[in-house]
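In what follows, chains carry the letters A, B, and so on, assigned in the order in which the sequence lines appear, proteins first and then strands, with residues in each chain numbered from 1.
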Amino acid sequence: MRIATWNVNSITARLPRLLAWLEKSGTDVLCVQETKTTAEAFPAEALREVGYESAVNATGRWNGVALISRVGLDDVVPGLPGGPDYDGVTEPRAISATCGPVRLWSVYVPNGREVGHDHYTYKLRWFEALRAAVSDDAAGPRPFAVLGDYNVAPTDDDVWDPTVFEDSTHVTAPERDALTALRSTGLSDVVPRPLKYERPYTYWDYRQLAFPKNRGMRIDLVYGNEPFAKAVSDSYVDREERKGKGASDHAPVVVDLDV
DNA sequence: ATGACGATTGGAAATCGA
């Protein structure tokens, strides 16, 4: 069984590449972030025509997450129970479902914008709510994983140049502490292998030739419980999908499971 | 080649991203 997570930066703009990639990669379940569409405009019919069901939590131009599966999509829960609002709005940043033998979340963690910003506080609260919401499944016997754009680089090795990010979001101690707290529920970081270079970056800015220069970050993560981690046979970042016209600024992270 | 930011809303310029 092949699962993957991909911040597509608009599923409308990415649809041709998304459909081609699903077929080429043979992915059974895809966790999507930044759909940037309403649920009504989500391309569920185009996905159904190629054999995938969709579960969507999306409200418009910002955020939005989905699960796309051809191996079952049951017990769908949209949103993060107990999660914080931002500016009085409950943003669509999480959705979970059971896909065959595994329970999966697709998450788009708040960016944080600047250290000390209201959005940064919101990000830390969001992480705490996520930890509380997944703790039972994380400790359970069923293969379980939280996949998505975490907007945190777990270590300095996950950033192309740590000195560039001093005092920036994505690398601060409170954000990394939030990852540690999340792992303490029984989850571990399923680190993918890179297809080129030393580090498995998953995001490269569109600007300043970041991708050709490999100025990237590993911020798209797969956190799996013990039954999940034991079933992993391979994991890699499909950097080929970051190339060329019409690419997202994130590459898919692929995980193969023996389940 | 992997190449100098892209998507959305709205119908220009602002906002967001990390």
Undergrad: For atom C1', what is the distance between B:dA12 and B:dA7, given to the nearest Å?
TA: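 Rounded to whole Å, the distance is 15 Å.
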
Undergrad: Going by the salt bridge (charged side-chain N to carboxylate O under 4.0 Å, His left out) test, name the single residue among A:Asp28, A:Asp256, A:Asp234 that passes it with A:Arg2.
TA: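 Going through the options one by one, the only one that passes is A:Asp256.
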
Undergrad: Would you list the atom pairs, donor with acceptor, under 3.5 Å between side chains in residues 39-50 of chain A and any protein atom, with sequence neighbours excluded?
TA:
{"residue": "A:Glu45", "atom": "OE1", "partner": "A:Arg48", "partner atom": "NH1", "Å": "2.4"}

Undergrad: Sugar-phosphate means primed atoms, P, OP1 and OP2; the rest is base. With that split, encode nucleotides 10-18 of chain B 5' to 3' as B, S or - using protein heavy atoms under 4.0 Å.
TA: ----BBSBB

Undergrad: With a cutoff of under 4.5 Å between side-chain heavy atoms, which Ile, Leu, Val, Met, Phe, Trp and Tyr residues group with A:Leu130?
TA: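 Grouped by the 4.5 Å side-chain rule, A:Leu80, A:Tyr86, A:Trp105, A:Val107, A:Val109, A:Tyr122, A:Trp126, A:Phe127, A:Val134, A:Phe144, A:Val146, A:Tyr150, A:Val152, A:Leu179, A:Leu182, A:Leu187, A:Leu221, A:Tyr223 form the rest of the cluster around A:Leu130.
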
Undergrad: Quantified in whole Å, what is the P atom distance between nucleotide B:dG17 and nucleotide B:dA4?
TA: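 Nearest-Å result for B:dG17 against B:dA4 at atom P: 24 Å.
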
Undergrad: Looking only at atom C1', what distance separates B:dG6 and B:dA18, rounded to whole Å?
TA: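 It works out to 14 Å between them.
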
Undergrad: On DNA chain B, check which nucleotide each of A:Ile11 and A:Asn214 is closest to and give me the residue with the more 5' one.
TA: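 Whichever sits nearer the 5' end wins; that is A:Asn214.
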
Undergrad: According to salt bridge (charged side-chain N to carboxylate O under 4.0 Å, His left out), does anything in residues 153-162 of chain A pair up with another residue at least two apart or in another chain? List the pairs.
TA: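 As it turns out, the salt bridge (charged side-chain N to carboxylate O under 4.0 Å, His left out) pairs with a partner in residues 153-162 of chain A, which skip direct neighbours, are A:Asp156-A:Arg176, A:Asp158-A:Arg199, A:Asp158-A:Arg218.
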
Undergrad: Can you name the residues that form a salt bridge (charged side-chain N to carboxylate O under 4.0 Å, His left out) with A:Asp249, not counting sequence neighbours?
TA: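 Counting only residues at least two positions away or on another chain, A:Asp249 forms no salt bridge (charged side-chain N to carboxylate O under 4.0 Å, His left out).
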
Undergrad: For B:dT8 and B:dT2, measure between their C1' atoms and round to the nearest Å.
TA: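 Their C1' atoms lie roughly 26 Å apart.
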
Undergrad: Between B:dG10 and B:dT15, how far is it from one C1' atom to the other, in whole Å?
TA: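 Going atom to atom, C1' in each nucleotide, I get 13 Å.
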
Undergrad: Calculate the interatomic distance between A:Tyr197 atom OH and B:dT2 atom P; express it in whole Å.
TA: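 Rounding to the nearest Å, OH of A:Tyr197 and P of B:dT2 are 11 Å apart.
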
Undergrad: When all nucleic acid strands are considered with a 4.0 Å heavy-atom cut-off, which category describes A:Ser168: base, sugar-phosphate, or nothing?
TA: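 Nothing: the residue A:Ser168, judged by heavy atoms under 4.0 Å, touches no strand.
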
Undergrad: Could you give the CZ-to-P distance, from A:Arg14 to B:dA7, as a whole number of Å?
TA: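 For the pair A:Arg14 CZ and B:dA7 P, the rounded distance is 5 Å.
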
Undergrad: Just the rounded figure in Å: distance from P of B:dA7 to CD of A:Gln33.
TA: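 After rounding, the gap between these two atoms is 17 Å.
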
Undergrad: Rounded to whole angstrom units, what separation is found between the CZ atom of A:Arg239 and the C1' atom of B:dA1?
TA: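 For the pair A:Arg239 CZ and B:dA1 C1', the rounded distance is 12 Å.
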
Undergrad: For residues A:Trp6 and A:His250, report the shortest heavy-atom separation together with the two atoms involved.
TA: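 Shortest heavy-atom separation between A:Trp6 and A:His250 comes out as NE1-O, 2.9 Å.
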
Undergrad: Can you give each donor-acceptor pair under 3.5 Å made by side-chain atoms of residues 57-64 of chain A, sequence neighbours left out, with the distance rounded to 0.1 Å?
TA:
{"residue": "A:Asn57", "atom": "ND2", "partner": "A:Ala94", "partner atom": "O", "Å": "2.9"}
{"residue": "A:Asn63", "atom": "OD1", "partner": "A:Arg93", "partner atom": "NH2", "Å": "3.0"}

Undergrad: Would you tell me if any nitrogen or oxygen in the side chain of A:Ser10 comes within less than 4.0 Å of OP1 or OP2 on B:dT8?
TA: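 Yes, within the criterion.
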
